[in-house]
Every structure is written in C-alpha cells, then in structure tokens.
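Small disclaimer: the values here were computed from a predicted structure and weren't measured.
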Amino acid sequence: YCHRRARRSGMKVSITGISDINHVLETIAPREAKNLMRAVVYDMASQLAEDAKVFSPDDTGTLDRNTKPRRERGSRDTVEATVRVTGKAFYWRFLEYGDGPDKVEHAMFLKALQKMRPQADRVYLEAFVRKLEARLARERKRMGA
C-alpha cells in the first residue's frame, strides 16, 4: 500500500508492506535500492558478529578481535554479507564444532544465529528504516533543504 499526498511543505509518502517497498525501489531507484539493501544486509551481519562475540568463550581476545562482518560480491540480483574469523583465530572451528582437545562445543555462531532467527524480520525492518532515513536525510542535506 503506497499513499502519496501533496502538501505545502512537500510530498508525503507512506509505504506499508515489504512487497510495496520492493516495487517502489525497483521502479524508482534500482541502483539506490541495491546500495540500501547492501547496507542492510551488512548491518545484519554486523549484528550476528556482535552476538557471536558475546557467546564466544573468554580467551585472550583474539577471537573477538578477529570476528568481523564482510561484504561479499554477490550476483547481479543478490547482495551478500558474511561473518568471518580472520587472522590468528583459526581455532574458532574447533570451538564451534567441539573438535578440540576438550571436546566441548561452544557453538557461538550457531547460538548467535538462533538468537537472531526469531526476530530476523524485526531486525531487518529496523535496519532498513534506519538506513533509509539516513539516506533520505543525507539527500535532503545535499539538496539544501
């Protein structure tokens, strides 16, 4: 549902429903839509990385410092982001899957994903609204309004 109403101070647009948002972004500004979705997906990956850091076992901090979100190339129709552990924290696999010498499964990434899964729609919409508002404010500032 998309409703437009002209006012003296400008145009007021209210959009409800993800399909309507997709339609508006695909028709009006496909390049901006892809950039916006790229930012939203990266924001969700950042949230997963932060949650994984909370669930990671206490160590020297190497694992926390090296757990980072990363934008991936994706394809023409998709945007992708991953959470990666880089550097000297190669041992995260042993902690995640319980293959280490202690055979304890910490599963910090699985726990972070399980925490986000029930609230994924809410997190996605909040990130989308936050990014869209920031882009619109930046555009208004650039236009001198």
Side-chain angles (χ1 to χ4, degrees), residues 1-5 10-143 145:
Y1 170 70
C2 180
H3 177 69
R4 296 180 186 193
R5 181 176 56 191
M11 180 79 74
K12 180 178 181 181
V13 178
S14 61
I15 300 172
T16 57
I18 292 177
S19 61
D20 293 327
I21 292 170
N22 287 336
H23 174 71
V24 168
L25 290 174
E26 285 174 358
T27 56
I28 294 175
R31 184 174 178 199
E32 184 64 28
K34 189 158 188 170
N35 290 338
L36 182 63
M37 291 309 299
R38 198 175 281 127
V40 169
V41 169
Y42 182 80
D43 199 43
M44 291 184 73
S46 298
Q47 181 65 40
L48 277 173
E50 290 302 314
D51 288 345
K53 289 176 186 179
V54 169
F55 291 121
S56 68
D58 292 333
D59 63 351
T60 60
T62 304
L63 188 59
D64 289 347
R65 278 193 310 275
N66 291 302
T67 302
K68 300 175 183 169
R70 179 177 173 180
R71 264 192 198 115
E72 298 295 335
R73 184 154 175 82
S75 68
R76 179 176 273 186
D77 299 327
T78 63
V79 294
E80 296 177 17
T82 58
V83 177
R84 295 209 177 174
V85 179
T86 59
K88 296 180 180 180
F90 68 92
Y91 60 90
W92 74 268
R93 288 181 184 89
F94 304 118
L95 296 174
E96 179 77 13
Y97 302 116
D99 294 335
D102 60 357
K103 300 293 183 195
V104 175
E105 189 172 298
H106 296 281
M108 57 265 184
F109 292 108
L110 180 63
K111 290 175 185 175
L113 190 59
Q114 287 174 342
K115 179 182 173 190
M116 182 179 265
R117 200 170 271 150
Q119 57 186 354
D121 287 338
R122 183 186 57 78
V123 171
Y124 168 78
L125 287 174
E126 285 176 1
F128 178 81
V129 168
R130 192 171 51 248
K131 298 294 181 183
L132 182 61
E133 285 175 348
R135 297 241 178 183
L136 291 174
R138 189 172 61 224
E139 191 63 29
R140 278 192 299 269
K141 185 177 179 182
R142 190 176 72 92
M143 299 295 282

How many angstroms lie between atom [atom1] of [X] and atom [atom2] of [Y], to the nearest 0.5 angstrom?
X	Y	atom1	atom2	answer
D43	R130	CG	CZ	4.5 Å
W92	T67	CH2	OG1	9.0 Å
M108	L113	CE	CG	13.5 Å
L110	R117	CG	CZ	7.5 Å
R71	E80	CZ	CD	13.0 Å
E105	K111	CD	NZ	8.5 Å

Determine the minimum heavy-atom distance between [X] and [Y], stating which atoms define it.
X	Y	answer
D64	S56	OD1-OG, 2.7 Å
V40	F128	CG2-CA, 3.6 Å
K34	S75	NZ-O, 3.1 Å
P69	Y42	CG-OH, 3.6 Å
A45	V83	O-CG2, 3.4 Å

Side-chain heavy atoms of Y124 within contact of M44, under 4.5 Å: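 When only atoms from C-beta onward are counted, M44 and Y124 do touch, with a gap below 4.5 Å.
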Does any non-hydrogen side-chain atom of E50 lie less than 4.5 Å from one of V54?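 Answer no - side chains too far apart.
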Which of these, L95, L63, T62, sits in a side chain to side chain contact (heavy atoms under 4.5 Å, CB included) with V85?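 Going through the options one by one, the only one that passes is L63.
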Please determine whether side chain to side chain contact (heavy atoms under 4.5 Å, CB included) holds for the pair Q119 and E126, giving the CA-CA distance in whole Å, both sets of side-chain angles, and the decisive distance to 0.1 Å. CA-CA 11 Å; Q119 57 186 354; E126 285 176 1; over 6 Å; no
The single option from R70, E72, K68 passing side-chain hydrogen bond (donor to acceptor under 3.5 Å, both in side chains) against T82: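 That would be E72; it is the only one of R70, E72, K68 passing the side-chain hydrogen bond (donor to acceptor under 3.5 Å, both in side chains) with T82.
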Please indicate whether R122 has more than 12 foreign heavy atoms, meaning atoms of other residues, nucleotides or ligands, lying under 6.0 Å from its CZ.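 Counting neighbours around CZ of R122, more than 12 heavy atoms of other residues, nucleotides or ligands fall under 6.0 Å, so yes.
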